[in-house]
Protein chains: 2
Amino acid sequence: MSEKQDHDSEYKELSGEAAREKIAELAKGIHIAMMTTVAADGSMSSRPMAVQDKPFDGTLWFLTRNTSEKIDEIADDQHVTLNFADTSASKYLSLKGRATVSEDRAKIKELWNPMYKAWFPKGEDDPEIAVLRVDVHEGDYWEATSGKIVMMMKYAVAAATGGKIEVGEAGHVLVA
Amino acid sequence: MSEKQDHDSEYKELSGEAAREKIAELAKGIHIAMMTTVAADGSMSSRPMAVQDKPFDGTLWFLTRNTSEKIDEIADDQHVTLNFADTSASKYLSLKGRATVSEDRAKIKELWNPMYKAWFPKGEDDPEIAVLRVDVHEGDYWEATSGKIVMMMKYAVAAATGGKIEVGEAGHVLVA
């Protein structure tokens with residue numbers, strides 16, 4: 001359950017620089033995002049993706065294998081949603097964007113780091129590496145007020161007090 | 001990056017009882033799932049949802065507000081994807097299903113617990129409560145071999161050793 005307006009929480013509308021800063025703050029330290037794409041049968045496929053450790057500026061970059069299923073899905077439908085979860089701190093961030101795929105060797109070199117050897121043991125010159133670029137335009141977020149108290153505990157307290165305590169902050173981020 | 005077949009990990013195809021057991025094992029202790037639906041503009045909307053603390057049998061049940069955006073999205077397109085993340089243990093589970101909405105008062109009573117008071121301070125008789133049922137048919141999962149060592153550390157080790165160590169287990173689950 002839960003929709004932004006259902007929460008007994010502070011709700012914010014952020015845009016531009018404030019939105020980008022909020023996204024950067026929420027995504028910081030989250031190394032894996034779930035990327036969701038539209039599959040050929042109309043269902044939505046998700047898979048974990050390693051996130052580049054760079055300050056958020058509106059564009060997210062990934063390296064992937066050019067034979068992977070998501071490449072075909074993006075060719076058919078550019079919509080992607082990227083979900084970042086920090087379960088221990090009860091922070092959730094969902095970003096919507098458009099994905100494009102290239103095999104720009106200079107960009108692959110720029111993005112490459114030794115961690116990718118786990119997927120591409122042949123190294124950065126592996127011809128199967130593709131660059132996946134996501135231009136993020138908007139998103140939503142939900143976070144508990146204290147990173148140390150899990151959301152469910154807050155909800156339990158809220159329930160005990162009739163749902164009238166502040167359980168956290170939620171909001172919409174417009175990147176452009 | 002990452003697609004099931006890209007990982008240097010054990011890959012399993014599970015179905016029926018084995019699939020349901022695997023899902024139950026992975027979802028256990030995860031109180032919040034991200035539910036993704038197809039929005040009217042073709043993008044995909046996600047939001048955190050409280051998960052019922054019940055053993056997985058193929059169907060997931062949620063309480064939600066009948067005025068929420070997801071209700072309209074599901075009326076237009078029944079596809080939903082539910083993502084469960086345990087970031088500290090590096091476990092990720094993505095389930096595909098079909099959603100249906102009802103206002104079955106007996107079911108609301110059955111699913112109700114005091115936690116929901118945080119969203120519905122009026123209690124279980126609030127006329128705005130709806131039941132969201134998701135019949136799960138398949139999914140994918142990714143998990144690190146040891147719950148105590150985060151995936152990224154494993155990847156770093158894999159990178160240092162040429163990507164040739166076992167980084168975990170991944171697989172496909174067919175519920176039916």
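FYI, side chains are in, hydrogens and waters are out, and symmetry mates aren't considered; it's all heavy atoms of this structure. From a predicted model like this one, the values you see are computed outputs, not experimental measurements. Here is how names work: the chains are called A, B, and so on, in the same order as the sequence lines, proteins then strands, and each is numbered from 1.
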Any chance you could measure B:Ser46, atom OG, to A:Asp140, atom CG, to the nearest 0.5 Å?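 Atom-to-atom, B:Ser46:OG and A:Asp140:CG are 9.0 Å apart.
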Between CG on residue A:Asp86 and OG1 on residue B:Thr87, distance to nearest 0.5 Å: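 Here the rounded value is 5.0 Å.
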Residue [X] excluded, over 12 heavy atoms near [atom1] under 6.0 Å:
| X | atom1 | answer |
| --- | --- | --- |
| B:Asn113 | CG | yes |
| B:Lys28 | NZ | no |
| A:Lys54 | NZ | yes |
| A:Asp41 | CG | yes |

Portion of B:Met44 that has a non-hydrogen atom of chain A nearer than 4.5 angstrom: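 Answer is both: backbone and side chain atoms of B:Met44 are under 4.5 Å from chain A.
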Does B:Thr36 form a side chain to side chain donor-acceptor pair (under 3.5 Å) with A:Thr36? I'd like the steps, not just the answer. CA-CA 9 Å; B:Thr36 305; A:Thr36 304; 4.6 Å; no
So which bits of residues 77-84 of chain B come within less than 4.5 Å of chain A, counting non-hydrogen atoms only?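 Checking residues 77-84 of chain B against chain A gives B:His79, B:Val80, B:Thr81, B:Asn83.
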Determine whether the side chains of B:Lys96 and A:Ser45 contain a donor N or O and an acceptor N or O closer than 3.5 Å.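 Per modelled atom types, B:Lys96 and A:Ser45 side chains form a pair under 3.5 Å.
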Side chain proximity check, A:Arg47 to B:Trp142, heavy atoms < 4.5 angstrom: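 Heavy-atom side-chain distance check passes, below 4.5 Å.
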Are A:Val136 and A:Val38 connected, step by step, through hydrophobic side chains (Ile, Leu, Val, Met, Phe, Trp, Tyr) whose heavy atoms are closer than 4.5 Å?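 No, separate clusters.
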Any link between B:Tyr116 and B:Trp61 through a network of hydrophobic side chains (Ile, Leu, Val, Met, Phe, Trp, Tyr) touching at under 4.5 Å?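 They do share one cluster, since a chain of ILVMFWY contacts under 4.5 Å joins B:Tyr116 to B:Trp61.
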Largest heavy-atom contact set with chain A, pairs under 4.5 Å, which of B:Ala39, B:Gly123, B:Gly42, B:Ala85: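 Of B:Ala39, B:Gly123, B:Gly42, B:Ala85, B:Gly42 has the most heavy-atom pairs under 4.5 Å with chain A.
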Determine the option with the most heavy-atom pairs under 4.5 angstrom with chain A, choosing from B:Thr37, B:Ile30, B:Leu95.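 The answer is B:Thr37.
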